[in-house]
Amino acid sequence: MQYWSKTYIPTLKESPAEAEIESHKLLLRAGLVRKIGGGLYAFLPLGKRVLDKVSQICREEMNAAGAIELLMPAVLPAEQWKAGPRWNAVREVMYSVNSASKNAKPTDDPQYVLGPTHEEIITPLIGSEISSYRDMGKIFYQIQTKFRNEIRPRYGLMRAREFVMKDGYSFDENDEKAEESYHRMAAAYDKFFARCGLTFISVEADAGIMGGGFSHEYMVPAEVGDDDVVYCQESGYSANVEKATSGIVPEDLVDAEPVGELEKFGTPGVKTIEKLAKDPFNISANEQFKTLLFVGDEKLFAVVVRGCDQVEEAKLGYLGYQVIRPATVDEIFGAMGAYPGSLGAIKGTIKDRSKLDGVFGDDAIRLIGNGVTGANEKAMHVKNVNVSRDLDLDRFGDFRKVKEGEPCPNSGKPLKIARAIEVGHIFKLGTKFSESDQWGAKFHDSEKQTKPAVMGCYGIGVSRTMQAVIEQSRDKFGIIWPWNVAPYHLVITVLDPGLEEASSLANSIGEAAEAAGADVLIDDRDERPGVKFKDADLIGIPLRVTIGGRGLKEGIVELKWRNEESARKVSIEEAVSVVASEIREKASS
RNA sequence: CGGGGCGUAGCUUAGCCUGGUAGAGCGCCUGGUUUGGGACCAGGAGGUCGAAGGUUCGAAUCCUUUCGCCCCGACCA
């Protein structure tokens with residue numbers, strides 16, 4: 001039992017100006033966290049309790065799924081990262097640390113980095129520990145503070161520079177077993193998020209710089225989310241928009257025959273799809289080929305999509321490049337001999353084709369058949385451009401961003417798109433990390449063969465999950481904590497703490513509630529009733545029992561659930577047993 | 001890193017344009033009256049106006065630089 005006067009819960013009537021979204025405001029107002037710096041937060045006593053509860057649920061579900069907890073350092077030797085496969089891709093988000101020694105020489109490269117994730121550490125660790133197939137099939141995890149130098153921290157704990165993450169890593173002897181581990185973790189994730197009281201969906205996701213096989217994200221639908229999720233209720237299809245595909249190109253599509261010779265025409269001043277779609281040209285965007293240039297791993301390449309489509313940059317990762325950025329105007333002119341607005345990928349019109357590592361066509365341009373594109377000449381476009389006859393493509397692929405309403409790839413029904421917060425992400429990694437000779441994780445199989453372990457990695461944003469719960473479970477008065485993650489389950493609001501009868505009743509109810517499995521907070525402060533009610537609502541304790549002098553005269557106390565409208569009166573004699581039985585019922589459900 | 005905005009008491013802010021003693025509400029402290037949904041009265045503490053430099057007799061206010069924070073974009077649990 002905790003007395004309000006003995007702990008520290010600094011609630012605020014007004015929201016600090018720094019907070020923009022409701023869950024961030026409530027984190028601050030309910031006295032859960034305070035900002036120390038950009039993306040850096042202190043967890044106050046109440047916030048620490050929630051964080052611990054979320055962590056503990058996570059731990060229980062991991063253990064139940066057979067994962068094994070360990071703890072690695074957060075300060076990591078930079079050498080070990082440099083030896084890994086993605087140093088260049090991730091070093092920007094890593095904080096660098098140098099030795100504090102006065103004798104240490106300043107260096108360009110850091111001696112240490114603060115861990116943003118631990119594949120580079122656990123792979124060699126396990127690699128050197130485990131060498132037999134008999135020890136394969138293990139999943140290790142830790143719950144630890146992670147550091148990422150986010151370019152733009154946002155929304156409190158939602159995207160912080162320092163945050164608590166559960167990261168897990170599986171090591172299996174073959175693909176099949178690795179997928180079993182993956183599904184075991186997926187099932188554990190489902191249970192974890194459900195126990196946290198979240199409404200969530202798991203979606204197919206882009207594997208990003210993790211590479212490897214396939215991946216799913218755990219998404220909490222919320223307007224303030226950073227991700228778009230594409231889904232179909234009919235078929236159950238769901239995917240991050242970065243990964244999502246649609247059935248817009250029929251599998252049996254027959255490519256159109258040419259309709260005539262290529263024909264150049266003047267388009268003075270026309271540099272956009274929109275202008276070409278208007279008078280006097282009237283060539284709609286879905287009849288235009290749009291040619292865009294990117295640089296992937298310092299190599300220039302082009303992508304052709306329909307004028308009405310957007311390139312989904314994440315999908316360009318399918319092409320094998322790791323670090324991708326849009327090409328500069330100079331780079332574009334150097335290869336194409338023209339500037340954006342006049343670009344096209346017609347055979348023979350590209351000034352220096354050798355500068356292009358590839359020209360890739362989005363599948364959907366096949367729907368155009370014969371269309372219009374730039375002539376790689378100022379103020380000129382070309383019509384009757386036939387996809388198979390005229391475009392200088394190395395290959396086709398899916399590079400476009402799916403739009404709402406397009407047919408689901410499985411059911412054909414219109415797809416929907418919703419905003420969501422990513423709270424978990426699981427990857428089947430394959431052998432990307434384990435196959436390295438001097439560094440990886442290899443084992444001897446029963447045939448005495450040396451093989452790399454097939455890995456998976458599994459992340460949960462623990463502190464982000466805490467905020468996602470608030471974002472999803474609140475009203476105009478404050479937070480409504482789901483039972484399992486509530487900092488306290490029961491608050492006993494003692495309106496007249498000076499009355500001996502009131503405080504002793506509060507203690508009896510509190511003890512019975514504790515025995516029934518609840519964490520109990522007794523509001524014994526010398527405050528007016530209104531303040532206590534407002535605070536109890538604000539910090540979102542699921543169950544409230546009110547004991548006041550007025551009720552005592554009537555012989556009753558009040559029992560109110562935070563997520564219900566009205567309170568119930570319970571006689572003093574029954575109060576202890578009623579509270580205890582309601583708590584038992586809630587705790588077991 | 002690009003674009004926009006903001007830094008005045010623990011919190012929310014007025015004052016800045018048009019330079020002249022820094023003001024309010026909440027919170028905090030003292031006393032009193034109150035006591036079932038953020039009470040009231042009286043008294044009080046708390047600010048080198050983000051920092052540095054400049055203009056000026058005089059700068060929160062004008063100029064320059066710088067730091068920090070927030071929002072929009074690319075990235076992520």
Side-chain angles (χ1 to χ4, degrees), chain A residues 10-21 24-25 28-29 31 34-40 54 58 89-90 92-94 116-117 143-168 189 193 205-206 208-210 215 217-220 224-227 240 242 313-314 323-326 421-427 457-468 477-478 493-499 526-538 544 546-554 556-558 560 567 569:
Chain A
T11 57
L12 302 172
K13 271 200 225 178
E14 291 174 291
S15 303
E18 72 203 41
E20 186 78 6
I21 65 168
H24 187 192
K25 288 179 186 172
L28 293 163
R29 287 225 296 138
R34 286 291 183 266
K35 187 173 73 176
I36 300 300
L40 301 170
V54 176
C58 185
V90 292
E92 276 186 23
V93 306
M94 288 198 283
T117 171
I143 297 173
Q144 186 200 41
T145 299
K146 293 287 189 277
F147 302 86
R148 290 186 192 175
N149 190 8
E150 290 289 345
I151 302 158
R152 185 155 95 81
R154 247 188 0 153
Y155 297 157
L157 304 180
M158 207 70 100
R159 194 186 334 178
R161 290 199 162 109
E162 185 184 315
F163 59 98
V164 178
M165 174 163 137
K166 187 286 299 179
D167 48 323
Y189 272 45
F193 290 116
D206 178 54
I209 57 169
M210 290 293 193
S215 140
E217 285 168 329
Y218 285 76
M219 294 291 199
V220 173
V224 299
D226 272 344
D227 288 87
N240 191 306
E242 292 181 346
E313 281 194 42
V323 182
I324 294 169
R325 62 169 172 83
I421 301 164
E422 180 188 350
V423 287
H425 201 160
I426 60 180
F427 301 84
C457 72
Y458 314 95
I460 287 176
V462 174
S463 43
R464 180 184 284 180
T465 297
M466 169 175 161
Q467 187 170 349
F477 300 112
T493 303
V494 187
L495 298 184
D496 304 282
L499 287 179
D526 185 20
E527 290 285 351
R528 292 169 59 84
V531 173
K532 296 188 173 195
F533 292 137
K534 290 285 185 194
D535 273 349
D537 287 347
L538 178 60
R544 186 180 83 205
T546 306
I547 301 174
R550 188 189 292 178
L552 289 178
K553 277 185 195 145
E554 264 184 73
I556 58 107
V557 299
E558 255 175 36
K560 183 182 178 300
K569 291 182 177 177

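Chain A is the first sequence line, chain B the second, and so forth, proteins listed ahead of strands; every chain is numbered from 1. Hydrogens, waters and symmetry mates are skipped; everything else that's a heavy atom, side chains included, is used.
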[X] vs [Y] side-chain heavy atoms within contact, under 4.5 Å:
X	Y	value
A:Arg148	A:Thr117	yes
A:Thr546	A:Phe533	yes
A:Lys146	A:Asp167	yes
A:Pro10	A:Arg34	yes
A:Asp537	A:Arg544	yes
A:Glu422	A:Asn240	no

With no hydrogens and no angle check, is any side-chain donor or acceptor of A:Glu558 less than 3.5 Å from a backbone partner on A:Ala567?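 No; judged by distance alone, with no hydrogens or angles, the pair does not exist.
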Main-chain N/O of A:Tyr155 paired with A:Gln467 side-chain donor or acceptor, under 3.5 Å: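 Indeed, once roles are kept as given, a pair shorter than 3.5 Å links the two residues.
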Any base atoms under 4.0 Å from [X], or only sugar-phosphate, or nothing? Heavy atoms, all strands.
X	answer
A:Lys35	sugar-phosphate
A:Gly530	sugar-phosphate
A:Asp227	base
A:Arg161	nothing
A:Arg34	nothing
A:Gly548	base
A:Ala19	nothing
A:Asp167	nothing
A:Gly551	base
A:Ser15	sugar-phosphate
A:Ala314	nothing

Side chain of [X] only, heavy atoms from C-beta on: which candidate in [options] is closest?
X	options	result
A:Leu495	B:G36, B:U12, B:G37	B:G36
A:Glu422	B:C26, B:G36, B:A77	B:A77
A:Arg528	B:C11, B:A39, B:C76	B:A39
A:Glu558	B:G36, B:C11, B:G73	B:G36
A:Arg154	B:G36, B:A39, B:G73	B:G73
A:Arg148	B:C71, B:A77, B:U12	B:A77
A:Glu18	B:G37, B:G38, B:C70	B:C70
A:Ala17	B:A77, B:C26, B:U12	B:U12
A:Val531	B:G37, B:A39, B:C71	B:A39

Atom C1', compared across B:G68 and B:G50: separation rounded to whole Å: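 Nearest-Å result for B:G68 against B:G50 at atom C1': 7 Å.
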Suppose you measure atom P in B:U13 against the same atom in B:C1; what distance do you get, rounded to whole Å?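 About 28 Å, rounded to a whole number of Å.
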In terms of the nearest nucleotide of RNA chain B, which residue is placed more toward the 5' end: A:Gly37 or A:Val93?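 The residue whose closest nucleotide sits nearer the 5' end is A:Gly37.
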Between A:Gly38 and A:Pro529, who's closer to the 5' end of RNA chain B by nearest nucleotide?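 Of the two residues, A:Pro529 wins.
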Under-4.0 Å side-chain N/O to phosphate OP1/OP2 contact, [X] with [N]:
X	N	value
A:Lys532	B:G37	no
A:Arg152	B:C72	yes
A:Tyr155	B:C72	yes

Rounded distance (Å) that lies between atom [atom2] of [N] and atom [atom1] of [X]:
X	N	atom1	atom2	value
A:Lys25	B:U12	NZ	P	12 Å
A:Glu217	B:A77	CD	C1'	10 Å
A:Leu499	B:G36	CG	P	13 Å
A:Asp226	B:C71	CG	C1'	13 Å
A:Glu242	B:C76	CD	P	7 Å
A:Glu150	B:A74	CD	C1'	12 Å
A:Phe163	B:C75	CZ	C1'	12 Å
A:Lys13	B:G38	NZ	C1'	4 Å

What do you reckon, do A:Phe533 and the base of B:G38 stack, with centroid distance below 5.5 Å and planes below 30°?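 Taking the rule of under 5.5 Å and under 30°, the ring of A:Phe533 does not stack on B:G38.
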Under 30°, 30 to 60°, or over 60°: which ring-plane class applies to A:Phe193 and A:Tyr189, parallel, tilted or perpendicular? perpendicular
Look at the side chain of [X] against the base of [N] and say whether a donor-acceptor pair falls under 3.5 Å; ignore hydrogens and angles.
X	N	result
A:Arg464	B:C76	yes
A:Glu14	B:G25	yes
A:Arg159	B:C75	yes
A:Arg544	B:G37	yes

Only stems of 3 or more consecutive Watson-Crick or G-U pairs count here, both distances under 3.5 Å; name the ones for RNA chain B, or none.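 For RNA chain B the paired stretches long enough to count as stems (3 pairs minimum) are B:1-7 with B:67-73, B:10-13 with B:23-26, B:28-33 with B:39-44, B:50-54 with B:62-66.
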Considering all heavy atoms of both residues, which atom of A:Arg29 and which atom of A:Ser15 are nearest to each other, and what is their separation?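 Looking at all heavy atoms of both residues, the closest pair is CD-OG, 3.6 Å.
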Approximate separation, where rounding is to 0.5 Å, of A:Asp227 CG and A:Glu217 CD: 5.5 Å
